[in-house]
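Written below as structure tokens is the structure these notes are about.
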Amino acid sequence: MLKRTLIDLLTQAAAEAQRTGKLPSITLPKIVIERPQNTEHGDYASSLPLKLARVTRLNPLTIANDLVSFIAPNPKVGQVVATAPGFINFTLKSDWLARQVEVILKADETHDNTKLETAGRVQIEFVSVNPTGPLHVGHGRGAILGSTLANVFAAAGYRVEKEYYINDAGNQIDAFYRSLYTRYQQYLGEVAEMPEDGYLGDYMVDLVREIMAGNDDRFRHLPKPEIASGLGKLGLEKIIGQIKADLELLGVSFDVWFSEQSLHEGGQYQEALSRLQQGGYLSEKEGATWFVSTALGEDKDNVVIRSDGSPTYFATDIAYHYDKFLKRKFDTVINIWGADHLGHVSRMKAAVAAMGIDPEQFKVITSQMVTLRRGGELVRVSKRSGDIITLRELVEEVGADACRFFFLSRTADSQMDFDLELAKKQSADNPVYYVQYAYARITSILRLARERGINYENGDVSLLTTEPELTLIRKMLLLPEIVELIANTLEPHHLTYYAQDLATVFHRFYKQCRVVSSNKALSKARLKLVEAAKTVLSRTLHLMGMTAPEKM
RNA sequence: GCGCCUAUAGCUCAGCGGACAGAGCAUCGGUCUUCGGAACCGAGGGUCGUGGGUUCGAAUCCCUCUAGGCGCGCCA
């Protein structure tokens, strides 16, 4: 990593400055290397002198000049200059940059796999929607966030598992069973009223029809409760199947489908609760059992076992996280929840802490609401009302690539409007096409070279010296930093901005530098560069879960 | 009422305590046209919601207020 190199150089320079008395012997502040937004300030910069000036009361520019004089020569680093008010700017060497083309080609798609020291086993749990109805648009946001983060973590050297938690127990499932049974009665022509808390969507009617298709008498001779549960189980299976299929459309898959029910059957529920009990975190009150989260700074306690003896959702979720951390021993657990679960975040963190787990290992991303608009009209998305826009409808209308890019390009913690009309109408102007077009252009150039029988294996990359060429290389070298940034901040939206930047510098290079020309040596060198760009752009698109089209 | 999130160009949004606040779309003007014009170049457009504070330095950190969203159940 370049930043690492520069930090080392600065650390050594500072030590040398202290040894020679130019700098007082104080403990150095954390050295931060940033990328200046103005390219005139070089490739990297540090404001270390400004920070040192504060503690040493010396002139920052003087410190900067002194440090620069102590910076050891390095094959990667060219110019190092001190500038007012107290920055040190680094510029990378052009010949080193050019050589990176070979490095990228040699390493292929894995070139940016950074091995972070902290890398370990990480679990990302996302979507985890109750299997009581189809996925809607908001779920798509979580699905895309989660699957992209998983890609990024894998690229950063972590061992990642993607998991879907199936809520196959509890009240909502019960309501689902009762709703389905009612629809079944109606299907048979009986008069039956949907339950108060039922699922009213038409999909429930379709579901019954589907289950009964060609098998009308399968429940005929069974007693009522058995019909309800038999029907319910079949319905669940079908809906889970639909959820899987819908996610597949978006390019989202899971390694583990984890059953809530299994926490009760496998004993984790009991173990988790007795662990809390032993820690003194449970108390009896009003006939129920409470988790005393106020002891951990929460504003209120929460019920874990109702007065009728049944566990709350919170209780099973505690058991679930007990299983994640203490049974399966993940180093990091990331949950992606919708904004409607906000109230659950802090008490869950408290519960994790109560089980003796380092809260740093537990991260929750809450993705804010997505409101749908059709033209000017707002569409409220609710699963229980009949009026829903499903994720499937959205993907079929807009396309998976555009969908992914659109959702990814906003930070998770800001709410977003998704205007279906606009998404369709502007599809030609959608940045996704801009980025993919760059990729198609690249493959087209390489195709031409192949058709002309140009073998560029022996191309000499030291011929790559012009500004558009070096700018492209600089941008390509940024990807590992983006991957690291996202792994640390859990903010995958940076990828979309990077993809557009990369496409832009490629288009600019293309415009200014003829690749296949009469200058054979230069052609070969540039073909190598184009091939490297293809690798990096393809990598970027795949991290986002998008396709890299050869033609469009 | 309490907690969390959001407020930056006409629109949609980036912006890690640092150097004149950026991009896409839209608007206006230009380029070239043998490798894909779904391209490239340029211009205009901003009291970074308001008011304070910390700092050498704030869109970024702290507090006030305003507006919008979400949450505050023995629902999940």
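Numbers restart at 1 for each chain; the letters A, B, ... are given by sequence-line order, proteins then strands.
No donor-acceptor contact under 3.5 angstrom links the side chains of A:Q172 and A:Y313, judged on distance only. Side-chain atoms of A:S517 and A:N519 include no donor-acceptor pair closer than 3.5 Å. In this structure, a donor-acceptor pair under 3.5 Å is present between the side chains of A:N335 and A:H321.
Across all strands shown, B:A67 forms a Watson-Crick or G-U wobble pair with B:U6, both key distances being under 3.5 Å. Across all strands shown, B:U12 is found opposite B:A23 as a Watson-Crick or G-U wobble partner, with both distances under 3.5 Å. Pairing partner, B:G29: B:C41, with both Watson-Crick or wobble hydrogen-bond distances short of 3.5 Å. Across the strands present, B:G18 finds its partner in B:C56; the criterion is a Watson-Crick or G-U wobble pair with both atom distances under 3.5 angstrom. Pair assignment for B:G1 gives B:C72, based on Watson-Crick or G-U wobble hydrogen-bonding distances that are each under 3.5 Å. B:U34 is unpaired under the Watson-Crick or G-U wobble criterion, no partner having all donor-acceptor distances under 3.5 Å.
Checked for salt-bridge contact, A:E125 and A:K324 meet the test: a charged N lies under 4.0 Å from a carboxylate O. The residues A:E484 and A:K3 are annotated as not salt-bridged, no charged nitrogen and carboxylate oxygen being separated by less than 4.0 angstrom.
Using a 4.0 Å heavy-atom criterion, one finds that A:K300 contacts the sugar-phosphate atoms exclusively.
Atom OH of A:Y313 is separated from atom C1' of B:A76 by 6 Å (rounded to the nearest Å). Separating the CG atom of A:D340 from the C1' atom of B:C4 is a distance of 14 Å, rounded to the nearest angstrom. Summarising the geometry, the separation between NZ on A:K3 and C1' on B:C16 is reported as 7 Å, rounded to the nearest angstrom.
Taking every side-chain heavy atom of A:K511 into account, B:A39 is the closest of B:A39, B:C35, B:G69. In this structure, the nucleotide among B:A39, B:C56, B:C35 sitting nearest to the side chain of A:Y437 is B:A39. Closest to the side chain of A:M369, from the set B:C16, B:C70, B:G36, is B:C70.
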Which donor-acceptor pairs under 3.5 Å do side chains of residues 405-415 of chain A form with protein atoms, sequence neighbours excluded?
residue : atom : partner : partner atom : Å
A:S409  : OG   : A:F405  : O            : 3.3
A:S409  : OG   : A:F406  : O            : 2.9
A:T411  : OG1  : A:D413  : OD1          : 3.3
A:T411  : OG1  : A:S414  : OG           : 3.3
A:S414  : OG   : A:T411  : O            : 3.3

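The base of B:A19 sits within donor-acceptor range of the side chain of A:N89, with an N or O pair under 3.5 Å. Evaluation of atom-type donor-acceptor distances gives a pair under 3.5 Å for the side chain of A:R54 against the base of B:G57.
With the nearest nucleotide of RNA chain B identified for both A:N167 and A:Q500, A:Q500 has the one nearer the 5' end. Judged by closest nucleotide on RNA chain B, A:H41 is the one of A:H41 and A:L446 placed further toward the 5' end.
Counting only residues at least two apart or in different chains, ring pair (Phe, Tyr, Trp, His ring centres under 6.0 Å) contacts with residues 32-52 of chain A are absent.
Using atom P as the reference point in both B:A67 and B:A43, the two lie 40 Å apart (nearest Å).
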Set out, line by line, the N/O atom pairs under 3.5 Å between protein and nucleotides 12-15 of chain B.
residue : atom : partner : partner atom : Å
B:U12   : O2'  : A:R410  : NH2          : 2.0
B:C13   : O2'  : A:Y497  : OH           : 2.3
B:A14   : OP1  : A:T411  : N            : 2.8
B:A14   : OP1  : A:T411  : OG1          : 2.7
B:A14   : O4'  : A:Y497  : OH           : 3.2
B:A14   : O3'  : A:H493  : NE2          : 3.3
B:G15   : OP1  : A:H493  : NE2          : 2.9

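Put simply, A:F87 rests on the base of B:A19: the two rings are less than 5.5 Å apart at their centres and nearly parallel, under 30°. B:A76 has no base stacking with the ring of A:H344 when judged by centroids under 5.5 angstrom apart and an interplanar angle below 30°.
Checked against the 6.0 Å centroid threshold, A:F506 and A:F509 count as a close aromatic pair.
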